[in-house]
Amino acid sequence: MASAISLSLFNGATPLKSNSLHKSKLTLRTISCSRLSYSSSSREISLKTQSTVPISCRRRFDFVPRCGISSNDLPTEKKKSFGEWVEFVGEAVSTAFPIWVSLGCLLGLMRPSTFNWVTPNWTIAGLTITMLGMGMTLTFDDLRGAFSMPKELFAGFVLQYSIMPLSAFFVSKLLNLPPHYAAGLILVGCCPGGTASNIVTYIARGNVALSVLMTATSTVSAVIMTPLLTAKLAKQYITVDALGLLMSTLQVVLLPVLAGAFLNQYFQKLVKFVSPVMPPIAVGTVAILCGYAIGQNASAILMSGKQVVLASCLLHISGFLFGYLFSRLLGIDVASSRTISIEVGMQNSVLGVVLATQHFGNPLTAVPCAVSSVCHSILGSALAGIWRRSAPKQLED
């Protein structure tokens, strides 16, 4: 290639003309910025310009990074405010709900004296605050919105107050439970859905809005349903004060929920300020009340604990299983069926503890309610973990 260039530029046999020599000099000057290409068809060598970069660009380099992100463009880490930290800690505590309840019950079983400071007045106050916090998640518009999902709400209501009371009755018969344990199991089966079901529904990718409405519906209707069903199913075991149950349910359930909804409707700034601490208060209340109920009957539980635990597990497994199956048979979508299953399977066991200690003469009646809180929390959390791995379609045939 080099010899061919020399022959074409400097031909010793024929002298170059002036204009030819001038073109050759220009070619030599630009050869450093050119590219040689050889055409086999014409057997000629042509020079093609490779770059038109000015000389000034070759003398100095003004390097400006153009990678798309500069140090000034990087987002600065925003420090969390005190309110955001409170909300973060509250969420972490609420997510670990089964752990705190299990620890409370374990502490009550091993060291019953730990909960000697708990009194019936403290019990009622704690549950009232918990119900108030649940009411703060609702408005009167939310309660009216229940009419937009009548099928799901009605199915959940019927399954809530049919599967669980009947399952508690048949399980107590199947295991031949003592009268006090049978009455306690039936009582917790007749209680409304628990507030923990809303958290579990969220983890399980269920219909959270439906969960809140179902909890509110079953809680409000518990004023009538819980005393009525308990009196019908447990009267052969123990005397039931239906009127006392009605008044206590009205005091610790209906009025706080309506008060919370009223505050959320008309005092939103106040609710926004206190709402981050309400879930931890609810979790702490459940753990303390369950630990207290276990501690008051620790020796009896150690003697016949396996029977009570088995009965509670069978009760809640029945609620989860039949709640989901019947919902699907009614043509309800998967997400809503999961929600109904969780709402049916998870009861307001703390309400059962309060009602049992207030209106049943034998303190052992509260034991199934306390054990139930641990069982449904563990089973519900496990079920939520399984369902979370497969996000359902919002509507399925």
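Computation of the quantities below employed the complete heavy-atom set of this structure, encompassing side-chain atoms and omitting hydrogens, waters and symmetry-equivalent molecules. Just so you know, residue 1 is the first one in the sequence shown, and it goes up from there.
A continuous path of hydrophobic side-chain contacts links Phe170 to Leu233 [ILVMFWY only; heavy atoms under 4.5 Å].
Partners of Ser113 by side-chain contact (heavy atoms from CB on, under 4.5 Å), not counting sequence neighbours, listed by chain and number: Asn116. Residues passing the ring pair (Phe, Tyr, Trp, His ring centres under 6.0 Å) test with Tyr161, sequence neighbours excluded: Phe157. Take Phe326 and apply the ring pair (Phe, Tyr, Trp, His ring centres under 6.0 Å) test, not counting sequence neighbours, and it matches no residue. Legend: residues meeting side-chain contact (heavy atoms from CB on, under 4.5 Å) with Ile378, ordered by chain and number and at least two apart, are Ser102, Val374. Annotation: ring pair (Phe, Tyr, Trp, His ring centres under 6.0 Å) contacts of Tyr266 (sequence neighbours excluded): Phe262. In this structure, the side-chain contact (heavy atoms from CB on, under 4.5 Å) partners of Ala311, at least two apart in sequence or on a different chain, are Val171, Leu175, Leu177, Leu185. Take Tyr324 and apply the ring pair (Phe, Tyr, Trp, His ring centres under 6.0 Å) test, not counting sequence neighbours, and it matches Trp387. A search for side-chain contact (heavy atoms from CB on, under 4.5 Å) contacts involving Leu109 returns Ile294, Ala298, Ile301, Leu302, not counting sequence neighbours.
Within the 4.5 Å cutoff, side-chain heavy atoms of Arg111 are placed close to those of Thr114. Between Cys369 and Leu187 the shortest side-chain heavy-atom distance falls below 4.5 Å. Glu152 is not listed as a side-chain neighbour of Thr339, based on a closest heavy-atom distance of 4.5 Å or more. For the pair Ser211/Ser197, a side-chain contact is recorded, criterion being any heavy-atom separation below 4.5 Å from C-beta on. Contact annotation: the side chain of Met225 never approaches that of Gln160 to less than 4.5 Å [non-hydrogen atoms, C-beta and beyond]. Counting heavy atoms from C-beta on, the side chains of Pro165 and Ile186 never come closer than 4.5 Å.
For the residue pair Ser218 / Glu343, no side-chain donor-acceptor distance below 3.5 Å is found, with atom types taken as modelled.
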Less than 3.5 Å apart, which donor and acceptor atoms pair up between the side chains of residues 313-322 and the rest of the protein, not counting sequence neighbours?
| unit_1 | atom_1 | unit_2 | atom_2 | d |
| --- | --- | --- | --- | --- |
| His316 | ND1 | Gly345 | O | 2.7 |
| His316 | NE2 | Ser372 | OG | 2.5 |
| Ser318 | OG | Ser167 | OG | 2.8 |

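Residue pairs meeting the side chain to side chain donor-acceptor pair (under 3.5 Å) criterion with at least one partner in residues 270-292, sequence neighbours excluded, are absent.
Applying the under-4.5 Å side-chain rule to Ile, Leu, Val, Met, Phe, Trp and Tyr, the cluster around Leu106 extends to Met110.
Put simply, the side chain of Ser172 gets close to the backbone of Phe169: a donor and an acceptor are under 3.5 Å apart.
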